[in-house]
Number of protein chains: 2
Amino acid sequence: MIPTDTHDTGTCQRISELLSRIGDKWTLLIVRALGQGPKRFSALKRELGSISQKMLTRTLRNLERDGFVSRTVTPVTPPQVEYALTPMGLDLFCPIAALAEWTFAHADAIDAARHAYDARHPDAGYRPA
Amino acid sequence: MIPTDTHDTGTCQRISELLSRIGDKWTLLIVRALGQGPKRFSALKRELGSISQKMLTRTLRNLERDGFVSRTVTPVTPPQVEYALTPMGLDLFCPIAALAEWTFAHADAIDAARHAYDARHPDAGYRPA
DNA sequence: CAGGATCCGCGATGATACTG
DNA sequence: CAGTATCATCGCGGATCCTG
């Protein structure tokens, strides 16, 4: 049973909001890259490979706005911008790491559940109606 | 510093996938409702209020496929379908609860970071370019 | 180098109508 | 009651071109 009193609707939506941000296509990969230390824009882009410049910029902006990543501009030519995790950004990844471990530990069970479900519902290969 | 070796790109994407599911608009609210005990389709719909039938159905299907929720049909007229958390579904919400607590504890800091950012960037009220 | 501006496809979500 | 089917909308993410 899950304690409802500590999870009112408003709090729940707030958590959903954070999870949506963290769960988007690039955030985790970017944070993981920055977890190794501060990096410049093009270094991140190179490391992530397939990310578009737009999404890298947008994702970094969102992380910066929420206070998870810092952005340091050195005014020279050519420009130089370094991104780094803030203490809060680093701190967030304790609970995230716990979730990651859970995911890793249960990946097989989830796969099994999916295959079982798909076997029970042969009608038209899985499409999230 | 975040340990990179336990977070290769593939694992990271897998975690992102789970976070996306959990972080979508309705999943957490539905799971929270089911955390109080098994419930029928319309009971869930009534409790969530603003959700559409389509999204309730789809979200429940996804949760069922991943093995987090069970679906029990009693063949009578009118039909009767009960949804409940599986043991794995309940188990998942240990790490989720940890994340929830973190979010709750840092909500103010995040708000402050956002306001500070928006103040630093007055140009055209915030839009995630 | 580090973006900003623009156009586009697609999937998520929602609203409405219908059914066993 | 518990869905399915259809149509419309909206934002994500990608691709491309341009600039200080």
Side-chain angles (χ1 to χ4, degrees), chain A residues 13 16-17 19-30 33-34 38-65 69-84 121 123-124 126-129, chain B residues 13 16-30 33-34 38-65 69-84 117 120-121 123-129:
Chain A
Q13 285 172 339
S16 275
E17 188 199 335
L19 285 170
S20 296
R21 166 111 349 135
I22 301 297
D24 73 1
K25 191 170 182 183
W26 296 108
T27 297
L28 261 196
L29 290 168
I30 289 177
L34 289 180
K39 293 190 178 168
R40 295 178 53 181
F41 188 87
S42 15
L44 282 170
K45 181 147 176 40
R46 244 191 325 268
E47 187 167 342
L48 298 182
S50 56
I51 193 174
S52 68
Q53 171 262 8
K54 186 177 80 173
M55 288 315 297
L56 180 54
T57 299
R58 179 186 296 184
T59 308
L60 285 170
R61 286 284 188 282
N62 285 332
L63 285 169
E64 183 195 1
R65 189 169 107 101
V69 158
S70 66
R71 178 172 179 270
T72 310
V73 182
T74 306
V76 296
T77 45
Q80 188 165 331
V81 181
E82 259 204 356
Y83 293 92
H121 302 268
D123 24 322
Y126 183 68
R127 25 79 247 230
Chain B
Q13 284 171 340
S16 275
E17 187 200 335
L18 182 70
L19 285 170
S20 297
R21 167 112 347 136
I22 300 295
D24 72 3
K25 192 169 182 182
W26 297 108
T27 298
L28 261 197
L29 288 169
I30 290 177
L34 290 179
K39 291 190 178 169
R40 295 177 54 181
F41 188 87
S42 12
L44 282 170
K45 178 146 176 40
R46 232 172 304 117
E47 187 167 342
L48 297 183
S50 56
I51 193 173
S52 65
Q53 311 90 323
K54 187 175 82 174
M55 289 315 296
L56 180 54
T57 299
R58 178 185 295 184
T59 308
L60 284 169
R61 286 282 190 284
N62 285 333
L63 285 168
E64 185 195 359
R65 190 169 107 102
V69 158
S70 66
R71 179 174 178 270
T72 310
V73 182
T74 307
V76 295
T77 43
Q80 189 167 331
V81 183
E82 260 204 356
Y83 292 91
Y117 180 93
R120 279 199 308 274
H121 303 269
D123 22 325
Y126 183 70
R127 23 84 244 235

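Keep in mind that the numbers below use all heavy atoms, side chains included, and drop hydrogens, waters and symmetry copies. Here is how names work: the chains are called A, B, and so on, in the same order as the sequence lines, proteins then strands, and each is numbered from 1.
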Contact under 4.0 Å: R61(B) side-chain N or O vs dT4(D) OP1/OP2: yes

Rounded to whole Å, please give me the gap between NZ in K45(B) and C1' in dT16(C). 12 Å

Quick note, Y83(A) side chain, CB onward, closest among dG3(C), dA2(D), dT4(D) is dG3(C)

In whole Å, what is the span from the CZ atom of R21(A) to the P atom of dG11(D)? 14 Å

What is the per-nucleotide protein-contact pattern of nucleotides 13-20 of chain D, from the 5' end, where B denotes a base atom under 4.0 Å from a protein heavy atom, S denotes such proximity for sugar-phosphate atoms only, and - denotes neither? BBB----B

Keeping K45(B) on the side-chain end and I51(B) on the backbone end, is there a donor-acceptor pair under 3.5 Å? yes

For dA2(D) and R46(B) - does any side-chain N or O of the residue sit under 4.0 Å from the phosphate oxygens OP1/OP2? no

Who passes side chain to side chain donor-acceptor pair (under 3.5 Å) against T27(B), sequence neighbours left out? D24(B)

Could you check whether any side-chain heavy atom of L29(A) comes within less than 4.5 Å of a side-chain heavy atom of E47(A), counting everything from C-beta outward? no

Rounded distance (Å) that lies between atom P of dG3(C) and atom CD of E64(A): 9 Å

Can you find a side chain N or O atom of R71(B) that sits less than 4.0 Å from OP1 or OP2 on dG3(D)? yes

Mind checking whether E64(A) and R120(B) have side chains closer than 4.5 Å, heavy atoms only? yes

Value in whole Å for how far the P atom of dG4(C) lies from CG of L60(A): 11 Å

pair R58(B)-M55(B): side-chain heavy atoms closer than 4.5 Å: yes

Any side-chain heavy atom of L60(B) sitting closer than 4.5 Å to one from F41(B)? yes

